[in-house]
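Only one structure is covered here, and it is reproduced in the block below.
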2 protein chains.
Amino acid sequence: MSRPTETRRPLTLRDVSEASGVSEMTVSRVLRNRGDVSETTREKVLQAAKALGYVPNKIAGALASQRVNLVAVIIPSLSNLVFPKVLSSISDELEDTGLQPVVGVTNYSPEKEEQVLYEMLSWRPSGVIIAGLEHTPAARAMLENAGIPVVEIMDVDGEGVDSVVGISHRRAGLHMAEAIIAAGYRRIGFLGSKMPEDHRARKRLEGFQEGLAKAGIELADTEFYAGGSALAKGREMTETILKRTPDLDFLYYSNDMIGAGGLLWCLDQGIDVPGRIGLAGFNGLDLLDGFSVRLATMNACRGEIGRKAAQIIAGRSQSNMIGGEVIELEPVLEPGDTIRKA
Amino acid sequence: MSRPTETRRPLTLRDVSEASGVSEMTVSRVLRNRGDVSETTREKVLQAAKALGYVPNKIAGALASQRVNLVAVIIPSLSNLVFPKVLSSISDELEDTGLQPVVGVTNYSPEKEEQVLYEMLSWRPSGVIIAGLEHTPAARAMLENAGIPVVEIMDVDGEGVDSVVGISHRRAGLHMAEAIIAAGYRRIGFLGSKMPEDHRARKRLEGFQEGLAKAGIELADTEFYAGGSALAKGREMTETILKRTPDLDFLYYSNDMIGAGGLLWCLDQGIDVPGRIGLAGFNGLDLLDGFSVRLATMNACRGEIGRKAAQIIAGRSQSNMIGGEVIELEPVLEPGDTIRKA
DNA sequence: CTGAAAGCGCTAACAG
DNA sequence: CTGTTAGCGCTTTCAG
């Protein structure tokens, strides 16, 4: 345990070649399962490699073959709960394709996104999956010039670089507004995060306001937060907004986590949900299953998005490059227990 | 958008060299900020590179320089909430070192861990940060022979390969038992996950039982789950165990998420917490801030663990390899509102 | 079925 | 301050 870390030269194909008495080339063939090799030599090589503990050098391999089995996946955050879900579906879908996802996180910063993208592209991945349609001009240029399949995910409201898989957040917001109005709510508040770079949340809000406007309604109040535990923030914000505007009869949250916090607060206060006030979030987190009262939400199709994106990359990296495609998924309203039945 | 993805040859140093009329070597120097280059040529090169949209090929660079600025980070899961936190602290700490974390996920499977490790080592990273001390013999051998700094994190109960940063889960469990007994609870149940490969949860349980045994107490009942929303499972399991063994006066959960589910259920049922029954979880998730009644928990030092691990890797990749170190952090009991005051 | 030769795109090391 | 020369460890291609 306190043995010094040795600075041994890593083993090379040549070492295996010498140990097995087989040419480097043939060793390489065995290790990659490429081409025909007699069972005898195959055994010899495999045994030598294992005995030595040889680990191939993919850097050299990639340089020689001009092929890298990596897919860059660029997302804004890991603490959002939404993205791990997308990641795991990408990862599952890529499982048997020989492709490996590599994750980069941007913290919702366009500059960071640009850096991360540059860094990842410099490893010449086979494809890029990146959240959102909004990028810096430089980032967009990199994506356009990379010469590899690019899939922008989560959002379809805008112009993509290549392929796009997602939902329309604008329409998601709009539909939620319609459902709320249909249920008879009229004094409606919105609670969300301050992040100006969360374009999807912004689009949902815009669509939501558009939906209200169609019914001649305006948002009665809004409340924004930044940082901290989302559940706790949801609780605080709900108290704040209801103190300020007590006659609100509906609260639309920009995500399920703050929505759940708000729900907990309302239940603690003994407020009649959904009678006195209705609540809704966004995402369809399965965390909501754990509450006795189910928050209304809208399923963001996260699993499906990851799957399709991965399929596009996997498909394209085989069949030589066709045009980009746009796949729009349909988010589903899950009314739960926090919207009155109409 | 439906423009075909072009299969353009990526640009090389030579292209920049020709465009700027400067030798490849000097272009390389400029792009890496290495060695002295006159301001004039520097400008010329930078301008040419930018105009062309050149992205360096790190594969070739790494092969030539025998240096890779990547740190492999291998964790069991991303949906656990614990690991994203560790990740982000690693990521923050590495920020200004020129090192980049690359994440691999094992789903708590030793075989998958072995595969992921092999895959990552084949990219010759500058270091490895890996969760846990339990690995397959092959994985352990790879770590020992990689010739790079290795930090095993989260757990110190066992023998490490090189450096180790974590807490003693055994003692964490033991201390929790002591606190519970000191508070006067006697009929104690344990609720956890079924995963046999979650060694840290197992060690907590063992330490916990050891602590109870010291007071001449045995676990009165246990309940395990697998899969699904942890919050919902916590709710269900709590109901189940209390139906089966109604006289339990304390429930120890193997993580905060199921603990929070149990807490919600108890509150819904109008059960007096912590009077009639006490509850405790593990991890110190900030999610708990969002509840009106704070679940007792134990801070697992996740941020600190990530930070220290990253420091070790960063420090060692500079100063040429010293011996491994073992850093044991001290988890802190956060009694919250769900343990009676003694 | 097996081997030899020629790079992949970059950087270390040395010379000017 | 700038350029030249050799590879890094592998795979592609072509000959046996």
Side-chain angles (χ1 to χ4, degrees), chain A residues 7-46 48-49 52 54-70 98 119 121-126 146-147, chain B residues 7-46 48-49 52-69 98 119 121-126 146-147:
Chain A
T7 276
R8 219 187 341 293
R9 173 183 67 75
L11 298 159
T12 69
L13 259 190
R14 159 173 245 115
D15 295 308
V16 182
S17 165
E18 284 169 359
S20 62
V22 177
S23 79
E24 283 188 46
M25 195 52 239
T26 302
V27 172
S28 170
R29 285 201 183 92
V30 172
L31 265 21
R32 285 177 299 144
N33 280 315
R34 272 275 190 305
D36 294 318
V37 181
S38 76
E39 196 49 40
T40 333
T41 32
R42 158 178 231 77
E43 280 307 324
K44 259 195 299 195
V45 169
L46 252 20
L52 294 174
Y54 172 71
V55 177
N57 185 332
K58 288 225 180 196
I59 296 175
L63 184 62
S65 66
Q66 308 279 22
R67 227 194 312 281
V68 178
N69 69 336
L70 264 23
E119 186 72 22
L121 286 181
S122 73
W123 287 100
R124 301 288 187 264
S126 293
Chain B
T7 276
R8 225 192 331 299
R9 173 183 66 77
L11 297 159
T12 70
L13 261 189
R14 159 172 246 113
D15 295 307
V16 182
S17 165
E18 284 170 358
S20 62
V22 178
S23 78
E24 285 187 45
M25 195 55 234
T26 301
V27 171
S28 169
R29 285 198 183 92
V30 172
L31 264 21
R32 285 177 299 145
N33 279 314
R34 272 272 190 307
D36 294 318
V37 180
S38 77
E39 196 49 40
T40 333
T41 32
R42 159 178 230 78
E43 280 308 325
K44 257 195 299 194
V45 169
L46 252 20
L52 294 175
Y54 172 70
V55 178
N57 185 334
K58 288 224 180 197
I59 296 175
L63 184 61
S65 66
Q66 308 278 33
R67 226 194 311 283
V68 178
N69 69 336
E119 186 71 23
L121 287 180
S122 72
W123 287 100
R124 300 289 188 265
S126 294

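Letters go in sequence order (proteins before strands), and every chain restarts at 1.
Here the closest non-hydrogen pair linking B/Asp15 and B/Pro10 is OD2-O, 4.4 Å. Of all heavy-atom pairs spanning A/Ser20 and A/Val27, the tightest one is OG-CG2, 4.1 Å. Annotation for B/Thr12 and B/Tyr54: closest pair C-CE1, 3.5 Å, computed over non-hydrogen atoms.
The pair B/Arg42-B/Asp36 does not meet the salt-bridge criterion, since no charged nitrogen lies less than 4.0 angstrom from a carboxylate oxygen.
Between A/Lys58 atom NZ and D/dT11 atom C1' there is a gap of 14 Å when expressed in whole angstrom units. Here the P atom of nucleotide C/dC10 and the CG atom of A/Leu63 are 9 Å apart, to the nearest Å. When the C1' atom of D/dG9 is taken as reference, atom CZ of A/Arg14 falls 10 Å away, rounded to whole Å. Nucleotide C/dC8 holds its C1' atom 16 Å from the CG atom of B/Leu11, rounded to whole Å. Taking atom CD of residue B/Glu18 and atom P of nucleotide D/dG3, one finds them 14 Å apart after rounding to whole Å. Rounding to whole angstrom units, CD of residue A/Glu24 and P of D/dC10 are separated by 7 Å. Following rounding to the nearest Å, A/Asn57 (CG) and D/dG7 (C1') show an atom-to-atom distance of 14 Å. If you measure from atom CD of A/Glu39 to atom P of C/dT2, you get 11 Å, rounded to the nearest angstrom.
Proximity note for A/Arg32 (side chain, C-beta onward) versus C/dA12, D/dT11, D/dC14: the nearest is D/dT11. The side chain of B/Thr12 sits closest to C/dC10 out of C/dC10, D/dT4, D/dC10. You'll find that the side chain of A/Ala60 is closest to D/dG9, out of C/dA13, D/dT2, D/dG9. The side chain of B/Met25 lies closest to C/dT11 when the candidates are C/dT11, D/dT12, C/dC10. Here D/dG3 is the nucleotide among D/dG3, D/dT2, C/dT11 with the atom lying nearest to any side-chain atom of B/Ser23. Nearest nucleotide to the side chain of A/Arg29, out of D/dT2, C/dC10, C/dG3: C/dG3. Distances from the side chain of B/Tyr54 to the nucleotides C/dT2, C/dC10, D/dC8 place C/dC10 closest.
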Q: Check the pair A/Val45 / A/Leu31 against side-chain contact (heavy atoms from CB on, under 4.5 Å), numbers first and verdict last.
A: CA-CA 8 Å; A/Val45 169; A/Leu31 265 21; 4.1 Å; yes

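Contact annotation: B/Gln66 reaches the phosphate of D/dG9 (side-chain N/O to OP1 or OP2, under 4.0 Å). An OP1 or OP2 oxygen of D/dC10 is reached within less than 4.0 angstrom by no side-chain nitrogen or oxygen of A/Ser65. Of the side-chain N and O atoms in A/Thr26, none sit less than 4.0 angstrom from OP1 or OP2 of C/dT2. At C/dT11, one or more side-chain N or O atoms of B/Ser28 fall inside 4.0 Å of OP1 or OP2 (strictly under the cut-off). For B/Thr41, a side-chain nitrogen or oxygen approaches OP1 or OP2 of D/dT2 to under 4.0 Å.
Looking at heavy-atom distances under 4.0 Å, B/Asp36 makes contact with a base. Nucleic acid contact for B/Arg67: sugar-phosphate only, since backbone atoms but no base atoms lie under 4.0 Å from a heavy atom of the residue.
With hydrogens and angles ignored, no donor-acceptor pair closer than 3.5 Å exists between the side chain of A/Arg124 and the base of C/dG9.
For CZ of B/Arg32, the number of neighbouring non-hydrogen atoms (other residues, nucleotides, ligands) closer than 6.0 Å is greater than 12.
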